[in-house]
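Whatever order the structure lists ligands and atoms in, that order sets their numbers, starting from 1. Since the model is a prediction, treat every value here as computed from it, not as a measurement.
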Amino acid sequence: MTITEQVKHAIEQPFGKVLADKMALTSYTNGSWSEPIVQPLQPLSLSPGAHVFHYASACFEGLKAHRFDDGSIHIFRLDAHLARLQQSAQLLCLPLPDESVCRAMIVDLVRQCREWVPQHPGTLYIRPTLIGTEPSIGSAATPSKDALFYVLVSPVGSYFKGGIKPLRLSIETTHWRTSPEFGLAKAGGNYAAALKMIQDAKNNLHVDQVLFAPGNDVQETGAANFMLLNDRQLITKPLDTTFLHGVTRDSILTIARELGYEVREEAIPLDRLLAWVPNGEAVLTGTAAVLASVGTLIHKGEEIKVGNGEMGPNAARLRSALVNIQNGTAPDHNGWLTAI
Ligand SMILES: *Cc1c(COP(=O)(O)O)cnc(C)c1O
């Protein structure tokens, strides 16, 4: 198959299933990073005793490269994602190459994979990954001395192939997604910790995701941030260590301010959420789906419709404002795109 054919096939597959045929990589041993390389996509060879396999020393990023109609390719908010990677690495006590090196590896890989970037609304999803590789099964309480930083890219179609279907969420008021100090790390262990709760809710309540609201503090779902909207206001939880600081969240807040919404970064107690939804909108934000509407909430066995259960006008407006910047049909006032 030609690359064009492989991309066409890839965007019909579930998100992230197909990887492009190249990867970027550098390894950390004896206190220094190797010269980064781009190589054919291939399996890694690691000791079965590697730190990551036992003590979950792993974090990642998820960002996208977009193709404009003129064929040029642009990475969205590369700096913000690099800053967050740095934060995750620090929380896991893992070494990370200098920001300029990480940036160059990502840009270089996307450049070498430019044929893999689909037409809009498809995008090239970029997955920088950092793992602890020290072969030592006795290092439960010590950081990995060795590490591997690599970058994968995956052509992805629109998240909403079957049309934009509002999501069904259950509200979890007892359990945390992760530990309160670690929610801001994009670390593999956080997803492992939340998986069974999400799986049980999917099986028992037929929901798409769980909205975590431990102690009635509405936080986020398993992989996206949460916001309330109406014609005037946008409300979302202020940044703290309990949840992931989404780059999409930040982008939507910026765009909402520019469009004249009153943006309130305030705690959302469950009562406030329940009072809001009959006449308001609720959305999730994240790189994969950009912005998705919540149509139904399940709370204490009861089904609660958000508005009329469909995507609301404010969600649609904010979503297209962001998507238009990403695909080059609206100006990039904030300098969010890196041309490659
Ligand atoms: C990645 C992620 C988000 C969204 O972050 P973006 O930078 O907008 O993609 C939100 N919550 C969790 C738990 C995540 O893993």
For a quick test of your reading: what N or O donor-acceptor pairs under 3.5 Å do the side chains of residues 291-299 make, sequence neighbours left out?
none

Check: Heavy atoms under 4.0 Å from ligand 1: which residues qualify?
Finding: H81, R84, R177, K186, Y191, E220, G222, A223, A224, N225, L244, G246, V247, T248, G286, T287
Checklist line | Residues D146 and S144: side-chain donor-acceptor under 3.5 angstrom | finding: no
Check: Going by atom types alone, do N314 and D231 pair a side-chain donor with an acceptor below 3.5 Å?
Finding: yes
Next item on the list: Decide if atom CD of E262 counts as having more than 12 heavy atoms of other residues, nucleotides or ligands within a radius under 6.0 Å.
Entry: yes
Quick one: side chains of residues 325-340, donor-acceptor pairs under 3.5 Å with protein atoms, not counting sequence neighbours, listed by atom name and distance.
residue, atom, partner, partner atom, Å
N327, OD1, T329, N, 3.2
N327, OD1, T329, OG1, 2.8
N327, ND2, H120, ND1, 3.4
N327, ND2, H120, NE2, 3.1
N327, ND2, V323, O, 3.4
T329, OG1, N324, O, 3.4
T329, OG1, N324, OD1, 3.4
D332, OD1, G335, N, 3.2
D332, OD1, W336, N, 2.8
D332, OD2, W336, N, 3.1
D332, OD2, L337, N, 3.0
N334, ND2, E258, OE2, 3.0

Side-chain polar contacts of residues 16-24 - donor-acceptor pairs under 3.5 angstrom, sequence neighbours left out - could you list them?
residue, atom, partner, partner atom, Å
D21, OD1, W116, NE1, 3.3

